[in-house]
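Notes follow once the structure below has been shown.
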Amino acid sequence: MKYDFDEIIDRSGTNSAKWDKNTLKEMFGAEDVLPFWVADMDFKAAQPIIDAVVKRAEHGIYGYSSRTDSYYESIINWTKRRHGWEIEKEWINFTPGVVPAINYAIQAFCIPGDKIIIQNPVYYPFHDAIKNNGCHIIDSTLKFNGEYYEMDFEDFENKAKDPKVTLFILCSPHNPVSRVWTKEELEKIGDICCRNNVLVIADEIHNDLVFSGYKHTMFASIKEEFALNSITCTAPSKTFNLAGMQASNIIIPNPLLRERFQRILEKNAIGGQNPFSILALEAAYNEGEDWLNQLLAYLEGNIEFIHEYLKKHLPKAKLIDPQGTYLGWLDFRGYEKDGKKLESLVYGKGRVALDGGTWFGNGGDGFIRLNFACPKILLKEGLERIAKAINEEYN
């Protein structure tokens with residue numbers, strides 16, 4: 001069927017964290033800001049997902065639920081069909097989200113005082129997961145060449161040699177800089193980790209959201225050595241706008257690592273799953289591919305719209321061309337290099353809610369992250385508000 005991604009859907013009164021006025025006031029200082037921050041989409045889910053959830057709701061009994069073979073088969077088939085990696089049922093572990101899974105992994109494989117490598121500017125819950133579990137952040141900051149970001153392999157290897165470094169959290173595709181790492185880049189970083197006994201947590205939650213001309217490579221699929229030295233985190237949440245369903249797939253081929261991870265899940269009583277999320281996941285992976293392909297085409301149109309709008313109305317700003325995800329990394333350093341000042345201007349005068357570049361650690365000053373998974377008319381209004389605020393301040 002043909003999906004209408006231009007449809008404006010009122011999300012008020014739905015407990016939407018993204019649109020809730022109290023949340024917006026707390027986060028951004030006002031209720032009337034237009035939200036482009038938290039990473040969920042303003043699009044309806046694929047119809048087969050809606051149908052599956054409605055049918056289950058009509059049953060009327062919402063008791064404890066278990067995962068059947070069909071649940072695991074949907075994950076296995078999707079991973080093979082979409083990414084060319086053959087996985088086994090026993091490797092798949094359920095968690096209610098990728099961020100919780102990263103916390104559980106740190107608890108399973110690190111002790112307080114250990115060091116964990118991340119590549120700033122990066123998804124800020126990584127920072128919290130490391131600090132909240134008593135470990136230390138080691139930042140191997142990405143290098144920006146003016147067009148896109150690259151890994152600093154020399155710096156990374158120097159830091160990986162530290163015997164206190166036990167873990168590396170790989171963001172692939174990368175949030176917020178929207179890089180889709182090549183197989184060669186992943187192989188190089190994976191070899192460094194294996195040489196230095198550094199375990200890899202591969203956060204691949206955006207792995208299905210890749211644009212024309214780019215290809216996502218699942219880290220663990222590259223070679224057996226990587227599969228045995230990694231934990232892969234995927235989910236239908238970003239792909240199919242199911243974040244509120246809270247279902248993630250944590251894939252661990254190594255039985256020793258899997259056993260340690262599962263012990264932590266047991267200690268935290270993680271096991272049962274929402275009955276709606278079970279059916280939503282199956283419907284997404286079994287019947288949602290057509291919706292996803294239409295979504296990607298629409299998002300590519302939004303990317304082009306941002307490029308053209310900035311060129312015309314904010315010529316000293318730049319969208320770092322997204323290779324994947326639906327998160328635009330906007331460079332405003334041509335107007336303002338002070339990240340806090342830029343964010344205050346956009347929130348206060350522009351009345352737009354965005355993730356500030358400073359939220360993402362080193363390298364974020366002068367940037368903002370914009371979620372462009374929304375109808376184009378909303379995107380246009382958000383860009384107009386930003387342009388008005390910036391131009392009145394600096395021109």
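A donor-acceptor contact closer than 3.5 angstrom is absent between the side chains of Glu204 and His83. For the 3.5 Å distance criterion, the side chains of Thr23 and Asp20 qualify, holding a donor opposite an acceptor. Side chains of Glu282 and Ser70: a donor-acceptor N/O pair is present below 3.5 angstrom, by distance only. Using modelled atom types, one finds a donor on one side chain and an acceptor on the other under 3.5 Å when comparing Tyr71 with Gln273. Side chain to side chain, Tyr3 and Asp290 fail the donor-acceptor criterion of an N or O pair below 3.5 Å. Using modelled atom types and a 3.5 Å distance limit, the side chains of Tyr285 and Asn249 yield a donor-acceptor pair. Side-chain contact of Asn395 with Asn391: a donor-acceptor pair under 3.5 Å is present, judged by distance alone. Using modelled atom types, one finds no donor on one side chain facing an acceptor on the other under 3.5 Å when comparing Asn229 with Asn254.
Considering all non-hydrogen atoms of both residues, Val33 and Tyr347 come closest at CG1-O, 3.8 Å. For Phe372 against Asn302, the heavy-atom pair with the smallest separation is O-ND2, 2.9 Å. The heavy-atom pair separating Gly63 from Pro275 by the smallest distance is O-CG, 4.3 Å. Annotation for Ala220 and Ser230: closest pair CB-OG, 3.6 Å, computed over non-hydrogen atoms. Nearest heavy atoms, Leu24 versus Ala353: CD2-CB, 4.2 Å. Residue Thr95 comes nearest to Ala101 through the heavy atom pair OG1-CB, 3.6 Å, listed as atom of the first residue, atom of the second, then distance.
A salt bridge between Lys223 and Asp191 is present, with a side-chain N of the basic residue lying under 4.0 Å from a carboxylate O of the acidic one. A salt bridge is absent between Lys164 and Asp162: the closest approach of a Lys/Arg side-chain nitrogen to an acidic carboxylate oxygen does not fall below 4.0 angstrom. Note on Glu259 versus Arg263: salt bridge recorded, some NZ/NE/NH1/NH2 to OD/OE distance being below 4.0 Å. A salt bridge links Asp155 with Lys159: the distance from a Lys NZ or Arg NE/NH1/NH2 to an Asp or Glu carboxylate oxygen falls below 4.0 Å.
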Residue pair Gln262, Asn93: steps toward the side chain to side chain donor-acceptor pair (under 3.5 Å) verdict: CA-CA 8 Å; Gln262 289 172 344; Asn93 302 269; 2.8 Å; yes
Between Arg195 and Glu157, is the side-chain contact (heavy atoms from CB on, under 4.5 Å) condition met? List the steps. CA-CA 10 Å; Arg195 284 197 300 269; Glu157 183 152 30; 2.8 Å; yes
Taking it one step at a time, do Trp181 and Phe219 satisfy side-chain contact (heavy atoms from CB on, under 4.5 Å)? CA-CA 10 Å; Trp181 305 116; Phe219 175 80; over 6 Å; no
Checking Val122 against Phe360 for the side-chain contact (heavy atoms from CB on, under 4.5 Å) test, could you report, in this order, the C-alpha distance in whole Å, the side-chain angles of both residues, the deciding distance, and whether it holds? CA-CA 5 Å; Val122 76; Phe360 299 91; 5.9 Å; no
Could you give me the CA-CA distance, side-chain angles and deciding distance for Lys115 and Val165, then say whether side-chain contact (heavy atoms from CB on, under 4.5 Å) is met? CA-CA 4 Å; Lys115 299 177 180 179; Val165 170; 3.8 Å; yes
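Grouping the Ile, Leu, Val, Met, Phe, Trp and Tyr side chains by contacts below 4.5 angstrom, directly or via other members, places Leu296 apart from Val210. Leu295 and Ile50 fall into different hydrophobic clusters, where Ile, Leu, Val, Met, Phe, Trp and Tyr are joined by side-chain heavy atoms under 4.5 Å apart, directly or via other members. No chain of hydrophobic side-chain contacts below 4.5 Å, direct or via other Ile, Leu, Val, Met, Phe, Trp or Tyr residues, connects Ile169 to Val180. Grouping the Ile, Leu, Val, Met, Phe, Trp and Tyr side chains by contacts below 4.5 angstrom, directly or via other members, places Tyr72 apart from Leu279. Leu319 and Leu370 fall within a single hydrophobic cluster, where Ile, Leu, Val, Met, Phe, Trp and Tyr are joined by side-chain heavy atoms under 4.5 Å apart, directly or via other members.
Among the candidates Asn175, Asn120, Ile118, the single residue satisfying the side chain to side chain contact (heavy atoms under 4.5 Å, CB included) test with Phe126 is Ile118. Results of the side chain to side chain contact (heavy atoms under 4.5 Å, CB included) test with Leu170 over Leu186, Ile201, Ile117 single out Leu186 as the only residue that passes. Results of the salt bridge (Lys or Arg N to Asp or Glu O under 4.0 Å) test with Asp32 over Arg385, Lys21, Arg351 single out Arg351 as the only residue that passes. Of the residues Trp37, Tyr124, Trp329, the one that meets the side chain to side chain donor-acceptor pair (under 3.5 Å) test with Asp355 is Tyr124.
In this structure, Lys316 places its NZ atom where more than 12 heavy-atom neighbours from other residues, nucleotides or ligands lie under 6.0 Å away. Environment of NZ in Lys349: crowded, with over 12 heavy atoms of neighbouring residues, nucleotides or ligands closer than 6.0 Å. Shown here is Ile377, whose CD1 atom has no more than 12 heavy atoms of other residues, nucleotides or ligands within 6.0 Å.
At least one donor-acceptor pair under 3.5 Å links the side chain of Glu343 to the backbone N or O of Thr358. Between the side chain of Thr232 and the backbone N or O of Ala202 there is no donor-acceptor pair closer than 3.5 Å. Under a 3.5 Å cut-off, the side chain of Arg179 and the backbone N or O of Tyr149 do form a donor-acceptor pair. For the pair Lys341 (side chain) and Glu336 (backbone), a donor-acceptor distance under 3.5 Å is absent. Proximity of a side-chain donor or acceptor of Arg260 to a complementary backbone N or O of Ala108 within less than 3.5 Å is detected.
With sequence neighbours left out, the side-chain contact (heavy atoms from CB on, under 4.5 Å) criterion links Phe153 to Met151, Glu185, Lys188, Ile189, Ile192.
Judged by a 6.0 Å distance limit and a 45° cone about the ring axis, Lys267 is not positioned over the six-membered ring of Tyr104.
Using a 30° and 60° split on the angle between ring planes, Trp91 and Trp85 fall in the tilted class, from 30° to 60°.
Going from atom NZ of Lys340 over to atom CG of Asp365 covers 9.0 Å, rounded to the nearest 0.5 Å.
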